[in-house]
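Presented below is the structure to which this report refers.
Counting convention: from 1, in listed order, for ligands and their atoms alike. In what follows, residues are counted from 1 in the order of the sequence shown. Keep in mind the model is a prediction, meaning the values are calculated, not measured.
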Amino acid sequence: MTQKVTKAVLPIAGLGTRFLPATKSMPKEMMTLVDRPLIQYAMDEARAAGITDFIFVTAKGKGALVDYFDKSPDLERSLKEKGKTDLMEELARSDMPSGAISTIRQQEALGLGHAVWCARRLIGDEPFAVILPDDVIMSDKPCLQQMTEAHRETGGCVIAAMEVDPDQTDKYGILSVADTGGRAVKVNGMVEKPDPKDAPSNLAVIGRYILTPRVLDALDTQDPGKGGEIQLTDAIAKQIDGALGVWGLKFDGQRFDCGSKAGFLQATVAFGLARPELRDDLAGFLKTLKLG
Ligand code: UTP
């Protein structure tokens, strides 16, 4: 029987250079969509998928992300005295049980694969999830839950995959698959950011993974790859010929690349329109814009 996935690694040690100067003194993952930081969306999704242990791979200057999940007794008392129960409920969303979050340091930003490898002792010998909080996914069923279900069926590594414009392949890890039908497709090759002319498909890897502990073994000896970074994709690719294989899951939902300015702005509009209390105002404003 496939072991239940209860641990998630959230690599948040990157430099966030695309949002400079904002990220000079604030972690990228604290940027807010409407009124919640990106990290909150990631944690909500993980909890909905049954994750109970969260491993933050952090670096210098990321303290605000850990503080965010602390309790705020003064604030709670003040809101209670003022009878602001709706705000108290909102605040409770960021409450985490004691001991649920562990942090581990990545001393140098050597790549996503290296960041995940830093968490190896906390993960142990069990399957685990990896969530990149700057990929935010709007969906009816949380993306990670769709993935844990696929993992239960296949037992192998499961990667969230989506079709991208064929001339955009050099921005993503790209999957090579024998059969593109069905939601979970068996992967027979992976290549990091290929030139469009060399890309094996237009099926791109995005920031959600369910991985077997064998990926950590591969990372033990993983050499730097594309861009001189230790790539997670390279370590996952080594599992393709293993007994359980690697699967790309074409998840249901819309993914926003909140690590890029355009993606972050699109997400702000989409999540704003999804909030009943904001929808009419925002939609009315968008209609007044003269584009083109
Ligand atoms: P990105 O490629 O988005 O890099 O990392 P970044 O540093 O966050 O942002 P830019 O490109 O400079 O604007 C993808 C994810 O991997 C983490 C990042 O924190 C982000 O969640 N990461 C990346 C690490 O934790 N460590 C690394 O060495 C590299």
Look only at the side chain of Y41 and the backbone of L33, and say whether a donor-acceptor pair between them is shorter than 3.5 Å.
yes
For atom 26 (N) of ligand 1, the closest protein heavy atom turns out to be Q106 OE1, 2.7 Å
Q146 and side chain to side chain donor-acceptor pair (under 3.5 Å): which partner among H151, K141, R183?
R183
Would you check whether V57 reaches within less than 4.0 Å of ligand 1, judged by its heavy atoms?
no
Considering only distance and modelled atom types, tabulate donor-acceptor pairs under 3.5 Å from the side chains of residues 192-200, sequence neighbours left out.
{"unit_1": "E192", "atom_1": "OE1", "unit_2": "T233", "atom_2": "OG1", "d": "2.5"}

Short N/O distance, under 3.5 Å, between L15 and ligand 1?
yes
Would you say I55 and F128 make side-chain contact, with heavy atoms under 4.5 Å?
no
for atom 17 (C) of ligand 1, nearest protein heavy atom and its distance come out as P11 O, 3.6 Å
Atom 8 (O) of ligand 1: which protein heavy atom is closest, and how many Å away?
K28 NZ, 2.7 Å
Should H114 be listed as contacting ligand 1, given a heavy-atom distance under 4.0 Å as the test?
no
From M147 CE over to R208 CZ, what is the distance, rounded to the nearest 0.5 angstrom?
8.5 Å
Does the protein place a non-hydrogen atom closer than 4.0 angstrom to atom 5 (O) of ligand 1?
no
How far is atom 16 (O) of ligand 1 from its nearest protein heavy atom, and which residue and atom name does that atom have?
L112 CD1, 3.6 Å
Is the backbone N or O of D86 less than 3.5 Å from a side-chain atom of E90, with the two atoms forming a donor-acceptor pair by type?
no
Can you tell which part of E29 has a heavy atom less than 4.0 Å from ligand 1: side chain, backbone, both or neither?
side chain
Ranked by distance from atom 12 (O) of ligand 1, the top protein heavy atom is T17 OG1, 2.5 Å
Distance from atom 22 (N) of ligand 1 to nearest protein heavy atom, with residue and atom:
G14 N, 3.7 Å
Please compare A59, A115, G111 and report which has the shortest non-hydrogen distance to atom 29 (C) of ligand 1.
G111
So, taking the atom named CG in L203 and the one named OG1 in T169, what distance separates them when rounded to the nearest 0.5 Å?
12.0 Å
Atoms in ligand 1 with a heavy atom of L110 nearer than 4.0 Å:
28 (O)
Does T268 reach the main-chain N or O of F264 with its side chain, forming a donor-acceptor pair under 3.5 Å?
yes
Does E126 come within less than 4.0 Å of K4, counting only side-chain N to carboxylate O?
no
Does ligand 1 have any atom sitting under 4.0 Å from a heavy atom of E108?
no
Purely on distance, is any nitrogen or oxygen of G259 under 3.5 Å from one on ligand 1?
no
For atom 3 (O) of ligand 1, grab the closest protein heavy atom and report residue, atom and distance to one decimal in Å.
R18 NH2, 3.0 Å
Establish whether V116 and I230 are linked, either directly or via other cluster members, by ILVMFWY side-chain heavy-atom contacts under 4.5 Å.
yes
State the atoms of ligand 1, each with its element, that fall below the 4.0 Å cut-off from a heavy-atom position in A109.
28 (O)
Please round to the nearest 0.5 Å and tell me the distance separating atom CD1 of I236 and atom CD1 of I240.
9.0 Å
Closest protein heavy atom to atom 14 (C) of ligand 1, given as residue, atom name and distance to 0.1 Å
L132 CD1, 4.1 Å
